[in-house]
Amino acid sequence: MAQVILAASECDVVNEVICAPANVNELFEFPTIFTIGGFEVTRTIILMFLAAFVAVGILYFGLRKQQLVPTKFGAAVEGMVGFVRDGIARDVIGPEGTKYLPYLMAMFFFLLVGNLFEVTPLINFPITSRMAIPAFLALVTYVIFMFVGFARNNFRYLLDTIWPKAVPIGLRWLVGLIELFSIFILRPITLAVRLFANMVAGHLMLTLLLTSGVIFVAAIPEIGVKGTIGVFWFGLGLFMFLLEILIGVLQAYIFTLLTAIYIESSIHFEH
Amino acid sequence: MEGNIEALVGPLSLVGYGLGAIGPGIGIGIVAGNAITAMARQPEMQGTIRTTMFLGIALTEALALIGFVLFFIASAG
């Protein structure tokens, strides 16, 4: 790969029990491969385009031919598309959820592929662990639900948030303040940070456990019995590997679900 | 090392994250536990309950994850 992360020479196997990098940033930053018109293209950017192409490819090849009895791959893709359409768009937003389906579908598949890059052999890097990608997607979601909110409810969207009619008059300023802070500031931030932090935590844990396992087992001739701790780290790493598959799928689902819920709360504003 | 506050920043942010993880841990336990109770009581509502459970977990978990990010910011600064 582009650089050797956690080189065996840096790890002090005699005194430490687990290999930790001096600075975690080096697990997430890659050197520039080439430059196009001022944009420095790194491995992350290439993987981002790859994720987009894979997502489009899955949908194109899965749904290219509409057959009465679909192929196995086609049935699987149809199942996922049906899940986003019925389980997220129509269940949460209601009948008019179909209008927002293209956005939700694109986001779900892009995030699914991007998150599962974490456990894909030879890639092993979740692109969503770089803040730019979740932050941009959260920003797009923010613009959409703000636009829908103001388009559907005019300025009552802002006014009723600050001055909610359903609350007793003495408490309106307090509830209004909390709601304003929560809807206009906290929502997009937590949406982005949730995905980002989950993926960072997963990538860190997998890298530390699996590389520590390999390094310690490789050092058994030098340090003797203590090296067998590597077997434990590697086993734990394999367990986390399975857990990360679940987390990757779950976070893609939760990001899409929350987007749908935010859009819904802008459409049906009067609670 | 005497009077060196800088050396404490890393360990202290670790303790801070540990404290910050307590609340969301309890919260996720309550959400999941009650969801299981509800599913056992009304298995026909399973789909709706599961969606709501994931939503509740996601909202609760955000606090722990913000603590996780702040840990890196604090220990790096």
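Below, each value reflects all heavy atoms present in this structure, side chains not excepted, and no hydrogens, waters or symmetry copies. Sequence lines set the chain letters: A, B, ... in the order given, protein chains first and strands last, and positions in each chain run from 1.
Between T190(A) atom OG1 and L59(B) atom CG the span is 7.5 Å, to the nearest 0.5 Å.
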With a cut-off of 3.5 Å and sequence neighbours excluded, list every side-chain donor-acceptor pair involving residues 39-46 of chain B.
none

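Interface remark: of the candidates N198(A), I261(A), L258(A), N198(A) forms the most heavy-atom pairs closer than 4.5 Å to chain B.
Heavy atoms closer than 4.5 Å to chain B are found nowhere in D91(A), neither backbone nor side chain. Heavy atoms of L204(A) lying under 4.5 Å from chain B belong exclusively to its side chain. Residue T48(B) does not touch chain A at all, counting heavy-atom pairs closer than 4.5 Å. When heavy atoms are compared at a cutoff of 4.5 Å, L63(B) does not approach chain A at all. If you measure heavy-atom distances from I88(A) to chain B, you find no contacts under 4.5 Å at all.
Remark: R90(A) pairs with D86(A) by the salt bridge (Lys or Arg N to Asp or Glu O under 4.0 Å) rule, at least two apart or across chains. Not counting sequence neighbours, F196(A) has no partner by the ring-ring contact (aromatic ring centres under 6.0 Å, His included) test.
Heavy atoms from other residues, nucleotides or ligands lying under 6.0 Å from CZ of F147(A) number 12 at most.
Of all the heavy atoms in V193(A) and I66(B), the pair that sits closest is CG1-CG1, 4.1 Å. Contact detail for F68(B) and A197(A): the closest heavy-atom pair is CE2-O, 3.9 Å.
At least one donor-acceptor pair under 3.5 Å links the side chain of R194(A) to the backbone N or O of A58(B).
Contacts of residues 244-255 of chain A with chain B at a heavy-atom distance below 4.5 Å involve L250(A), Q251(A), Y253(A), I254(A), listed in sequence order.
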